Amino acid sequence: MSLKHIAMAAAGLAFLAGCAQTGTPVTWNANVKDNYDANSLDGAVTGPGIRVSVVGETYGADRMALADNLADIIRESHFGPRVTFASQLGEDGNYRDFEVRFLFSPQPGAAPETLCEDESFKQNPPEVGSTEFLAAYCRNGKRINSVRGRVSGDLQSASFRSLVQQASLTLFPPPGILIDADRGGEFDQ
């Protein structure tokens, strides 16, 4: 194992240890072991990158500005292969080969596996003083990984930024981290 991989694994373990200490569970979908490995990013590295989009109702937030902000947070917290994260990649506004999709205020039973393919998203009105989202990393319309998060604060708060950073590390787990597919729960701060 190279020094780079050891460093990335150590950083990932430190992140997971921090989550365990704060009581913030890390959630992966049950099939992530079958769907995800760090090499699954190779196509995004050599291609245009990974599109970040917001689907469903944005409850007054500017969709493109919100997607740009999410892309910035993910890019800053992502480690591993150098990947471009952006709300629009090149000239193709419909690019979906690699995509992270966010749905805000999802209904409790919203199925994360449909987030990549379904366009009829079920949402609740947002709760005052908190922000909740469901996010999925998709490839060609199929879910590779997903996470649900909730935080006290609005879209501009430091706690929201921290939550998106944690969700990014869950959507793109570092190499060498053994993923326990039986763990459940949600991010909740």
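These values consider heavy atoms only, across backbone and side chains, with no hydrogens, waters or symmetry-generated copies. Note that this is a predicted model, so its numbers are computed, not measured.
Here R150 pairs with E127 in a salt bridge; the nearest charged N to carboxylate O distance falls below 4.0 Å. Looking at R143 and E117, no side-chain N of the basic residue comes within less than 4.0 Å of a carboxylate O on the acidic one, giving no salt bridge.
Expressed to the nearest 0.5 Å, how far CG of D62 lies from CG of N69 amounts to 11.0 Å. In this structure, CD on Q88 lies 7.5 Å from CZ on R51, to the nearest 0.5 angstrom. Distance check: D154 CG to F160 CZ gives 9.0 Å after rounding to the nearest 0.5 Å. Taken to the nearest 0.5 Å, the CD atom of Q123 stands 10.0 Å off from the CG atom of L134. Considering CG of N145 and OH of Y137, their distance stands at 9.5 Å, rounded to 0.5 Å.
Residue S87 comes nearest to A67 through the heavy atom pair CB-CB, 3.7 Å, listed as atom of the first residue, atom of the second, then distance. Minimum heavy-atom separation, G149 to L163: C-CD2, 3.9 Å. When all heavy atoms are compared, the tightest approach of P112 to A136 is O-CB, 4.4 Å. Scanning all heavy atoms of the two residues, the minimum distance from F121 to T114 falls at CE2-O, 4.5 Å.
Hydrophobic cluster membership is shared by I144 and L171, with clusters built from Ile, Leu, Val, Met, Phe, Trp and Tyr side chains linked at under 4.5 angstrom. In the hydrophobic cluster analysis, where Ile, Leu, Val, Met, Phe, Trp and Tyr join through side-chain heavy atoms closer than 4.5 angstrom, V83 is grouped together with V164. A chain of hydrophobic side-chain contacts below 4.5 Å, direct or via other Ile, Leu, Val, Met, Phe, Trp or Tyr residues, connects L89 to I73. Cluster membership for L115 and F104, using ILVMFWY side-chain heavy atoms within less than 4.5 angstrom, is not shared. Taking hydrophobic clusters as Ile, Leu, Val, Met, Phe, Trp and Tyr residues chained together by side-chain heavy-atom distances below 4.5 Å, L103 does not share a cluster with L155.
Between the side chains of S168 and S77, at least one donor-acceptor pair of N or O atoms lies under 3.5 Å. Counting only N and O atoms by type, the side chains of N124 and S105 include no donor and acceptor under 3.5 Å apart.
Distance alone, capped at 3.5 Å, places no donor-acceptor pair between the E99 side chain and the R101 backbone. Between the T131 side chain and the G153 main chain, a donor and an acceptor come within less than 3.5 Å of each other. Here the side chain of E132 pairs no donor or acceptor atom with the backbone of P106 at under 3.5 angstrom. T58 places no side-chain N or O within donor-acceptor distance of the main-chain N or O of V54, the cut-off being under 3.5 Å.
For the salt bridge (Lys or Arg N to Asp or Glu O under 4.0 Å) test, residues two or more places apart in sequence or in another chain that qualify with D72 are R75.
The salt bridge (Lys or Arg N to Asp or Glu O under 4.0 Å) analysis of residues 156-170, with sequence neighbours excluded, yields the pairs E76-R161.
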Can F85 and F98 be said to form a ring pair (Phe, Tyr, Trp, His ring centres under 6.0 Å), step by step? CA-CA 10 Å; F85 291 93; F98 294 91; over 10 Å; no
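Within 6.0 Å of the CZ atom in R82, the count of heavy atoms belonging to other residues, nucleotides or ligands does not exceed 12.
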